[in-house]
Amino acid sequence: MTWLGWESLGGTLTSDPAVASWASGRLDVFARGTDNALWHKWYQNGWSGWESLGGLLTSGPAVAAWSAGRLDVFVRGTDNALWHKWYQNGWSGWESLGGLLTSGPAVAAWSAGRLDVFVRGTDNALWHKWYQNGWSGWESLGGVLTSDPAAVSWASGRLDVFARGTDNALWHKWYQNGWSGWESLGGVLTSSPDVSSWASGRLDVFVRGNDNAMWHKWYQNGWSGWESLGGVLTSGPAATSWGPDRIDTFVCGTDNALWHKWWARVPTVRVHTKVLTTPNVAVGTVLQRMREVYGTVGVHVQHASTENLNLPALNDLDVGECVRGRTTAEQNQLYANRNNAGPNDVVVYFVRTTDPPFNGCAAHPDGRPGAVVAQGATQWTFGHEVGHVLGLNHVNDNNRLMTGNGTANITNPPPDLIAAERDTMVASPFTQDL
Ligand SMILES: [Zn+2]
(Lines give C-alpha, C1' and ligand atoms only; values in the text may rest on other atoms or scores of the structure.)
Protein backbone atom coordinates (compact mmCIF):
# COMPACT_ATOMS: atom_id res chain seq x y z
CA MET A 1 0.00 0.00 0.00
CA THR A 2 1.19 3.46 -0.85
CA TRP A 3 0.15 7.00 0.03
CA LEU A 4 -0.63 9.02 -3.05
CA GLY A 5 -0.19 12.78 -3.25
CA TRP A 6 -2.58 15.51 -2.09
CA GLU A 7 -5.17 16.68 -4.60
CA SER A 8 -7.13 19.93 -4.22
CA LEU A 9 -10.88 19.76 -4.61
CA GLY A 10 -11.04 23.53 -5.05
CA GLY A 11 -13.31 25.99 -3.28
CA THR A 12 -12.75 28.08 -0.17
CA LEU A 13 -14.32 26.47 2.83
CA THR A 14 -15.19 27.55 6.34
CA SER A 15 -15.50 24.17 7.99
CA ASP A 16 -13.51 21.03 8.40
CA PRO A 17 -14.35 18.49 5.78
CA ALA A 18 -16.30 15.38 6.62
CA VAL A 19 -16.70 12.47 4.29
CA ALA A 20 -18.89 9.47 3.76
CA SER A 21 -17.76 6.04 2.80
CA TRP A 22 -17.31 4.65 -0.61
CA ALA A 23 -20.28 2.88 -2.04
CA SER A 24 -20.29 1.37 -5.48
CA GLY A 25 -17.28 3.44 -6.49
CA ARG A 26 -18.73 6.70 -5.14
CA LEU A 27 -17.16 8.90 -2.46
CA ASP A 28 -19.06 11.82 -0.89
CA VAL A 29 -17.52 14.87 0.75
CA PHE A 30 -19.32 17.52 2.80
CA ALA A 31 -18.02 20.94 3.89
CA ARG A 32 -19.40 24.30 4.97
CA GLY A 33 -18.97 27.05 2.37
CA THR A 34 -18.27 30.77 2.76
CA ASP A 35 -22.05 31.33 2.79
CA ASN A 36 -22.18 29.12 5.91
CA ALA A 37 -24.38 26.64 4.09
CA LEU A 38 -23.56 22.96 3.73
CA TRP A 39 -22.07 21.92 0.42
CA HIS A 40 -21.65 18.53 -1.08
CA LYS A 41 -19.29 17.15 -3.68
CA TRP A 42 -18.89 13.61 -4.84
CA TYR A 43 -16.50 11.53 -6.83
CA GLN A 44 -17.53 9.03 -9.43
CA ASN A 45 -15.30 8.93 -12.47
CA GLY A 46 -14.04 12.42 -11.47
CA TRP A 47 -15.17 15.07 -8.99
CA SER A 48 -18.60 16.60 -9.39
CA GLY A 49 -19.33 20.27 -8.77
CA TRP A 50 -20.35 21.43 -5.29
CA GLU A 51 -24.05 21.19 -4.53
CA SER A 52 -25.66 23.17 -1.73
CA LEU A 53 -27.93 21.35 0.69
CA GLY A 54 -29.38 24.67 1.80
CA GLY A 55 -29.86 25.97 5.33
CA LEU A 56 -27.67 28.03 7.68
CA LEU A 57 -25.74 25.83 10.02
CA THR A 58 -23.66 26.35 13.13
CA SER A 59 -21.53 23.23 13.05
CA GLY A 60 -19.30 21.45 10.64
CA PRO A 61 -21.10 18.69 8.81
CA ALA A 62 -20.78 15.06 9.67
CA VAL A 63 -22.03 12.27 7.50
CA ALA A 64 -22.91 8.64 7.72
CA ALA A 65 -22.05 6.06 5.12
CA TRP A 66 -24.27 4.96 2.34
CA SER A 67 -26.46 2.02 3.03
CA ALA A 68 -28.88 0.57 0.54
CA GLY A 69 -28.77 3.76 -1.51
CA ARG A 70 -29.22 6.07 1.49
CA LEU A 71 -26.79 8.72 2.72
CA ASP A 72 -27.32 10.52 6.03
CA VAL A 73 -25.97 13.94 6.98
CA PHE A 74 -26.03 15.50 10.45
CA VAL A 75 -25.36 19.13 11.40
CA ARG A 76 -26.10 21.52 14.22
CA GLY A 77 -28.72 24.13 13.33
CA THR A 78 -28.98 27.78 14.29
CA ASP A 79 -31.12 26.67 17.25
CA ASN A 80 -28.11 24.64 18.46
CA ALA A 81 -30.07 21.40 18.07
CA LEU A 82 -28.96 18.47 15.96
CA TRP A 83 -30.55 18.21 12.57
CA HIS A 84 -30.66 15.39 10.14
CA LYS A 85 -31.07 15.22 6.38
CA TRP A 86 -30.81 12.24 4.13
CA TYR A 87 -30.58 11.42 0.50
CA GLN A 88 -32.52 8.71 -1.21
CA ASN A 89 -33.68 9.62 -4.67
CA GLY A 90 -33.14 13.28 -3.74
CA TRP A 91 -32.52 15.17 -0.50
CA SER A 92 -35.10 15.02 2.25
CA GLY A 93 -35.98 18.00 4.45
CA TRP A 94 -34.08 18.63 7.69
CA GLU A 95 -35.37 16.76 10.71
CA SER A 96 -34.51 17.77 14.28
CA LEU A 97 -33.33 15.07 16.68
CA GLY A 98 -34.07 17.32 19.64
CA GLY A 99 -31.77 18.27 22.52
CA LEU A 100 -29.34 21.16 23.02
CA LEU A 101 -25.81 20.15 22.17
CA THR A 102 -22.37 21.61 22.67
CA SER A 103 -20.47 19.75 20.00
CA GLY A 104 -20.75 19.06 16.34
CA PRO A 105 -22.39 15.73 15.59
CA ALA A 106 -20.49 12.65 14.60
CA VAL A 107 -22.14 9.61 13.17
CA ALA A 108 -21.47 5.98 12.54
CA ALA A 109 -22.51 4.12 9.47
CA TRP A 110 -25.63 2.17 9.07
CA SER A 111 -25.36 -1.45 9.94
CA ALA A 112 -28.21 -3.94 9.85
CA GLY A 113 -30.70 -1.06 9.68
CA ARG A 114 -29.17 0.82 12.61
CA LEU A 115 -27.63 4.29 12.52
CA ASP A 116 -25.68 5.69 15.47
CA VAL A 117 -25.15 9.37 16.29
CA PHE A 118 -22.76 10.76 18.92
CA VAL A 119 -22.62 14.31 20.31
CA ARG A 120 -21.32 16.15 23.34
CA GLY A 121 -24.06 17.27 25.68
CA THR A 122 -24.39 20.38 27.83
CA ASP A 123 -22.74 18.42 30.66
CA ASN A 124 -19.68 18.01 28.41
CA ALA A 125 -20.15 14.23 28.41
CA LEU A 126 -20.57 12.12 25.32
CA TRP A 127 -24.11 11.15 24.41
CA HIS A 128 -25.39 8.55 22.05
CA LYS A 129 -28.60 8.17 20.12
CA TRP A 130 -29.50 5.57 17.56
CA TYR A 131 -32.08 4.94 14.94
CA GLN A 132 -33.76 1.63 14.37
CA ASN A 133 -37.38 1.83 13.45
CA GLY A 134 -37.38 5.32 15.02
CA TRP A 135 -34.93 7.31 17.15
CA SER A 136 -33.94 6.06 20.59
CA GLY A 137 -33.43 8.31 23.60
CA TRP A 138 -30.02 9.81 24.34
CA GLU A 139 -27.65 7.59 26.36
CA SER A 140 -24.57 8.94 28.12
CA LEU A 141 -21.27 7.15 27.67
CA GLY A 142 -19.83 8.88 30.73
CA GLY A 143 -16.56 10.75 31.03
CA VAL A 144 -15.78 14.44 30.59
CA LEU A 145 -14.24 15.04 27.20
CA THR A 146 -12.47 17.95 25.57
CA SER A 147 -13.06 17.06 21.96
CA ASP A 148 -15.96 16.30 19.74
CA PRO A 149 -16.66 12.62 19.46
CA ALA A 150 -15.91 10.68 16.34
CA ALA A 151 -17.36 7.28 15.66
CA VAL A 152 -16.52 4.48 13.33
CA SER A 153 -18.81 2.07 11.64
CA TRP A 154 -20.13 -1.11 12.98
CA ALA A 155 -18.19 -4.24 12.23
CA SER A 156 -19.21 -7.67 13.45
CA GLY A 157 -21.38 -6.13 16.12
CA ARG A 158 -18.68 -3.73 17.28
CA LEU A 159 -18.86 0.06 17.26
CA ASP A 160 -15.82 2.21 18.06
CA VAL A 161 -15.90 5.77 19.38
CA PHE A 162 -12.92 8.10 19.72
CA ALA A 163 -12.66 11.33 21.71
CA ARG A 164 -9.99 13.53 23.23
CA GLY A 165 -9.78 13.32 27.00
CA THR A 166 -9.05 16.01 29.59
CA ASP A 167 -5.36 15.00 29.37
CA ASN A 168 -5.47 15.97 25.67
CA ALA A 169 -4.71 12.37 24.68
CA LEU A 170 -6.88 10.32 22.37
CA TRP A 171 -9.23 7.89 24.08
CA HIS A 172 -11.15 5.02 22.72
CA LYS A 173 -14.29 3.25 23.83
CA TRP A 174 -16.08 0.44 22.13
CA TYR A 175 -19.38 -1.27 22.27
CA GLN A 176 -19.89 -4.97 21.95
CA ASN A 177 -22.58 -6.36 24.16
CA GLY A 178 -22.24 -3.21 26.28
CA TRP A 179 -19.81 -0.28 26.41
CA SER A 180 -16.19 -0.97 27.34
CA GLY A 181 -14.05 1.42 29.37
CA TRP A 182 -12.03 4.20 27.79
CA GLU A 183 -8.59 3.20 26.53
CA SER A 184 -5.85 5.75 25.82
CA LEU A 185 -4.01 5.56 22.51
CA GLY A 186 -1.21 7.74 23.89
CA GLY A 187 0.29 10.88 22.40
CA VAL A 188 -0.57 14.54 22.86
CA LEU A 189 -2.80 15.69 20.06
CA THR A 190 -3.97 19.03 18.73
CA SER A 191 -7.03 17.93 16.79
CA SER A 192 -10.14 15.98 17.42
CA PRO A 193 -9.80 12.42 16.27
CA ASP A 194 -11.45 11.14 13.14
CA VAL A 195 -11.74 7.52 12.30
CA SER A 196 -12.43 5.33 9.37
CA SER A 197 -14.36 2.12 9.28
CA TRP A 198 -13.22 -1.32 10.02
CA ALA A 199 -12.21 -3.34 7.00
CA SER A 200 -10.66 -6.76 7.06
CA GLY A 201 -10.02 -6.40 10.75
CA ARG A 202 -8.24 -3.06 10.44
CA LEU A 203 -9.29 0.26 11.99
CA ASP A 204 -7.62 3.54 11.03
CA VAL A 205 -7.51 6.69 13.17
CA PHE A 206 -6.35 10.10 11.97
CA VAL A 207 -5.43 13.10 14.12
CA ARG A 208 -3.41 16.30 13.88
CA GLY A 209 -0.19 16.17 15.90
CA ASN A 210 1.44 18.98 17.87
CA ASP A 211 3.61 19.70 14.80
CA ASN A 212 0.33 20.51 13.00
CA ALA A 213 0.93 17.64 10.57
CA MET A 214 -1.46 14.78 10.11
CA TRP A 215 -0.74 11.52 11.90
CA HIS A 216 -2.11 8.10 11.34
CA LYS A 217 -2.41 5.08 13.62
CA TRP A 218 -4.08 1.79 12.96
CA TYR A 219 -5.26 -1.23 14.81
CA GLN A 220 -4.71 -4.75 13.62
CA ASN A 221 -4.00 -7.20 16.40
CA GLY A 222 -2.90 -4.23 18.53
CA TRP A 223 -2.25 -0.54 17.87
CA SER A 224 0.54 0.42 15.49
CA GLY A 225 2.77 3.45 16.03
CA TRP A 226 1.81 6.86 14.69
CA GLU A 227 2.83 7.56 11.09
CA SER A 228 3.04 11.12 9.71
CA LEU A 229 1.37 11.86 6.41
CA GLY A 230 3.31 15.11 6.15
CA GLY A 231 2.00 18.55 5.28
CA VAL A 232 0.99 21.46 7.51
CA LEU A 233 -2.74 21.52 7.92
CA THR A 234 -5.35 23.90 9.24
CA SER A 235 -8.11 21.44 9.96
CA GLY A 236 -8.56 18.20 11.74
CA PRO A 237 -8.41 15.26 9.41
CA ALA A 238 -11.46 13.37 8.30
CA ALA A 239 -11.21 9.86 6.95
CA THR A 240 -13.55 7.72 4.95
CA SER A 241 -14.01 4.04 5.11
CA TRP A 242 -11.97 1.56 3.30
CA GLY A 243 -13.12 0.87 -0.22
CA PRO A 244 -11.76 -1.94 -2.27
CA ASP A 245 -8.01 -1.47 -1.73
CA ARG A 246 -8.46 2.21 -0.85
CA ILE A 247 -8.71 4.62 2.09
CA ASP A 248 -9.40 8.33 1.64
CA THR A 249 -8.45 11.20 3.95
CA PHE A 250 -9.60 14.81 3.68
CA VAL A 251 -8.19 17.90 5.36
CA CYS A 252 -8.38 21.67 5.04
CA GLY A 253 -5.07 23.06 3.75
CA THR A 254 -3.29 26.31 4.64
CA ASP A 255 -5.02 27.92 1.64
CA ASN A 256 -8.35 27.02 3.29
CA ALA A 257 -9.21 24.75 0.38
CA LEU A 258 -10.10 21.11 0.78
CA TRP A 259 -7.31 18.67 0.12
CA HIS A 260 -7.49 15.00 -0.44
CA LYS A 261 -4.96 12.24 -0.02
CA TRP A 262 -5.54 8.60 -0.53
CA TRP A 263 -3.87 5.39 0.25
CA ALA A 264 -4.09 2.65 -2.27
CA ARG A 265 -2.85 -0.80 -2.81
CA VAL A 266 -0.55 -0.66 -5.81
CA PRO A 267 0.14 -4.10 -7.28
CA THR A 268 3.84 -4.10 -8.05
CA VAL A 269 6.21 -6.57 -9.67
CA ARG A 270 9.73 -6.12 -8.29
CA VAL A 271 12.22 -7.12 -10.97
CA HIS A 272 15.97 -7.66 -10.74
CA THR A 273 18.08 -7.97 -13.90
CA LYS A 274 21.26 -10.04 -14.13
CA VAL A 275 23.28 -9.73 -17.32
CA LEU A 276 25.50 -12.52 -18.67
CA THR A 277 25.31 -11.11 -22.25
CA THR A 278 24.07 -7.62 -23.12
CA PRO A 279 20.85 -8.03 -25.15
CA ASN A 280 20.38 -6.46 -28.61
CA VAL A 281 17.38 -4.48 -27.28
CA ALA A 282 18.74 -2.63 -24.23
CA VAL A 283 17.61 -3.62 -20.72
CA GLY A 284 16.24 -0.08 -20.15
CA THR A 285 14.15 -0.35 -23.33
CA VAL A 286 12.62 -3.74 -22.54
CA LEU A 287 11.77 -2.54 -19.02
CA GLN A 288 10.07 0.51 -20.55
CA ARG A 289 8.07 -1.72 -22.92
CA MET A 290 7.02 -3.92 -20.02
CA ARG A 291 5.89 -0.87 -18.03
CA GLU A 292 3.81 0.34 -20.99
CA VAL A 293 1.94 -2.95 -21.22
CA TYR A 294 1.62 -3.71 -17.50
CA GLY A 295 0.53 -0.10 -16.88
CA THR A 296 -2.59 -0.68 -19.00
CA VAL A 297 -3.87 -3.07 -16.29
CA GLY A 298 -2.63 -1.04 -13.31
CA VAL A 299 0.35 -3.21 -12.44
CA HIS A 300 3.48 -1.27 -11.52
CA VAL A 301 6.94 -2.53 -12.50
CA GLN A 302 9.79 -1.71 -10.12
CA HIS A 303 13.36 -2.30 -11.32
CA ALA A 304 14.97 -3.09 -7.98
CA SER A 305 18.58 -3.89 -8.97
CA THR A 306 20.88 -4.91 -11.80
CA GLU A 307 24.08 -6.93 -11.78
CA ASN A 308 26.56 -8.33 -14.35
CA LEU A 309 27.24 -12.05 -13.93
CA ASN A 310 30.41 -13.69 -15.29
CA LEU A 311 29.12 -17.26 -15.77
CA PRO A 312 30.40 -18.39 -19.22
CA ALA A 313 29.31 -22.01 -18.64
CA LEU A 314 25.67 -20.87 -18.35
CA ASN A 315 25.69 -18.30 -21.18
CA ASP A 316 24.15 -20.76 -23.67
CA LEU A 317 21.65 -22.15 -21.22
CA ASP A 318 20.22 -25.65 -21.40
CA VAL A 319 16.47 -25.06 -20.82
CA GLY A 320 15.36 -28.58 -21.77
CA GLU A 321 11.77 -28.45 -23.05
CA CYS A 322 11.15 -25.20 -21.15
CA VAL A 323 8.12 -26.45 -19.24
CA ARG A 324 6.97 -24.78 -16.03
CA GLY A 325 7.76 -26.87 -12.96
CA ARG A 326 10.61 -28.73 -14.69
CA THR A 327 14.13 -27.33 -14.76
CA THR A 328 17.57 -28.51 -15.89
CA ALA A 329 20.75 -28.60 -13.80
CA GLU A 330 21.97 -25.49 -15.62
CA GLN A 331 18.75 -23.60 -14.87
CA ASN A 332 19.00 -24.59 -11.20
CA GLN A 333 22.58 -23.31 -11.11
CA LEU A 334 21.72 -19.99 -12.81
CA TYR A 335 18.60 -19.26 -10.72
CA ALA A 336 20.62 -19.73 -7.52
CA ASN A 337 22.04 -16.24 -8.23
CA ARG A 338 19.52 -14.06 -6.38
CA ASN A 339 21.69 -11.31 -4.89
CA ASN A 340 19.50 -8.39 -3.61
CA ALA A 341 16.26 -10.25 -4.40
CA GLY A 342 13.54 -10.92 -1.85
CA PRO A 343 11.67 -14.25 -1.94
CA ASN A 344 8.82 -12.88 -4.11
CA ASP A 345 11.00 -10.72 -6.36
CA VAL A 346 11.38 -11.84 -9.98
CA VAL A 347 14.93 -12.20 -11.35
CA VAL A 348 15.47 -12.04 -15.12
CA TYR A 349 18.76 -13.35 -16.54
CA PHE A 350 20.01 -12.09 -19.91
CA VAL A 351 21.93 -14.94 -21.60
CA ARG A 352 23.48 -15.27 -25.09
CA THR A 353 21.25 -18.14 -26.22
CA THR A 354 19.07 -20.89 -24.89
CA ASP A 355 19.42 -24.52 -25.93
CA PRO A 356 17.13 -25.30 -27.72
CA PRO A 357 16.94 -21.74 -29.14
CA PHE A 358 14.05 -19.66 -27.76
CA ASN A 359 13.64 -15.89 -27.21
CA GLY A 360 13.26 -16.66 -23.53
CA CYS A 361 12.05 -19.18 -21.00
CA ALA A 362 10.11 -18.73 -17.76
CA ALA A 363 10.60 -22.21 -16.28
CA HIS A 364 12.21 -21.74 -12.84
CA PRO A 365 12.87 -23.81 -9.71
CA ASP A 366 10.39 -23.55 -6.80
CA GLY A 367 11.14 -20.58 -4.56
CA ARG A 368 13.27 -18.87 -7.22
CA PRO A 369 10.85 -16.95 -9.42
CA GLY A 370 12.55 -15.78 -12.60
CA ALA A 371 13.09 -16.17 -16.33
CA VAL A 372 15.79 -15.98 -18.97
CA VAL A 373 15.86 -13.69 -22.01
CA ALA A 374 18.16 -14.42 -24.98
CA GLN A 375 20.35 -11.83 -26.71
CA GLY A 376 18.25 -11.81 -29.90
CA ALA A 377 14.87 -11.48 -28.10
CA THR A 378 12.29 -8.85 -29.09
CA GLN A 379 11.31 -5.73 -27.16
CA TRP A 380 8.27 -7.62 -25.75
CA THR A 381 9.98 -10.85 -24.63
CA PHE A 382 10.90 -9.52 -21.18
CA GLY A 383 7.29 -8.60 -20.26
CA HIS A 384 6.02 -11.82 -21.89
CA GLU A 385 8.32 -14.08 -19.84
CA VAL A 386 7.54 -12.28 -16.58
CA GLY A 387 3.88 -12.71 -17.54
CA HIS A 388 4.46 -16.48 -17.50
CA VAL A 389 6.16 -16.17 -14.09
CA LEU A 390 3.00 -14.41 -12.83
CA GLY A 391 0.87 -17.32 -14.06
CA LEU A 392 -0.18 -16.29 -17.58
CA ASN A 393 -0.49 -18.88 -20.35
CA HIS A 394 -0.14 -18.58 -24.11
CA VAL A 395 -3.03 -17.41 -26.27
CA ASN A 396 -3.45 -17.69 -30.03
CA ASP A 397 -3.83 -13.94 -30.64
CA ASN A 398 -1.07 -11.72 -32.03
CA ASN A 399 -2.74 -8.62 -30.56
CA ARG A 400 -1.83 -9.84 -27.09
CA LEU A 401 1.39 -9.88 -25.06
CA MET A 402 0.91 -13.57 -24.29
CA THR A 403 0.70 -14.68 -27.92
CA GLY A 404 2.14 -18.16 -28.35
CA ASN A 405 3.17 -17.37 -31.93
CA GLY A 406 6.29 -15.40 -30.97
CA THR A 407 6.37 -11.80 -29.76
CA ALA A 408 8.06 -10.82 -33.06
CA ASN A 409 4.62 -11.36 -34.66
CA ILE A 410 2.79 -8.87 -32.41
CA THR A 411 0.65 -6.72 -34.70
CA ASN A 412 -0.56 -3.83 -32.52
CA PRO A 413 2.18 -2.45 -30.26
CA PRO A 414 1.84 -2.15 -27.33
CA PRO A 415 0.12 -5.55 -27.16
CA ASP A 416 -2.89 -6.17 -24.93
CA LEU A 417 -3.36 -7.69 -21.52
CA ILE A 418 -7.00 -8.51 -20.77
CA ALA A 419 -8.93 -8.15 -17.48
CA ALA A 420 -8.78 -11.86 -16.69
CA GLU A 421 -5.01 -11.74 -17.15
CA ARG A 422 -4.82 -8.78 -14.77
CA ASP A 423 -6.70 -10.77 -12.15
CA THR A 424 -4.23 -13.64 -12.50
CA MET A 425 -1.24 -11.27 -12.31
CA VAL A 426 -2.55 -9.46 -9.20
CA ALA A 427 -3.33 -12.77 -7.48
CA SER A 428 0.23 -14.01 -8.02
CA PRO A 429 2.50 -14.02 -4.93
CA PHE A 430 5.08 -12.35 -7.18
CA THR A 431 2.86 -9.27 -7.49
CA GLN A 432 3.35 -7.45 -4.18
CA ASP A 433 1.37 -4.70 -2.43
CA LEU A 434 3.83 -1.82 -2.29
ZN1 LIG B 1 5.80 -17.73 -23.90
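Here, residue 1 is the first one in the sequence, and each next residue gets the next number. Atoms within each ligand, like the ligands themselves, are counted from 1 in listed order.
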Enquirer: Is the gap between the ring centers of H303 and H272 under 6.0 Å?
Expert: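 They do not qualify: ring centres at least 6.0 Å apart.
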
Enquirer: Is the centre of the H388 ring less than 6.0 Å from the centre of the H364 ring?
Expert: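 Aromatic pair excluded; centres sit 6.0 Å or further apart.
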
Enquirer: With R338, which residues qualify under salt bridge (charged side-chain N to carboxylate O under 4.0 Å, His left out), at least two apart?
Expert: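 With sequence neighbours excluded, R338 shows a salt bridge (charged side-chain N to carboxylate O under 4.0 Å, His left out) to no residue whatsoever.
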
Enquirer: Quick one: disulfide (SG to SG under 2.5 Å) pairs with a partner in residues 279-384, sequence neighbours left out?
Expert: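 Residue pairs passing disulfide (SG to SG under 2.5 Å), neighbours aside: C322-C361.
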
Enquirer: Measuring from T273:OG1 to L287:CG, what's the distance to the nearest 0.5 Å?
Expert: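 Reported to 0.5 Å precision, the distance equals 6.5 Å.
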
Enquirer: Take the Zn ion (ligand 1) and tell me which protein N, O or S atoms are nearer than 2.8 Å.
Expert: H384 NE2, H388 NE2, H394 NE2

Enquirer: Which pairs pass salt bridge (Lys or Arg N to Asp or Glu O under 4.0 Å) with one or both residues in residues 348-366, sequence neighbours excluded?
Expert: D316-R352

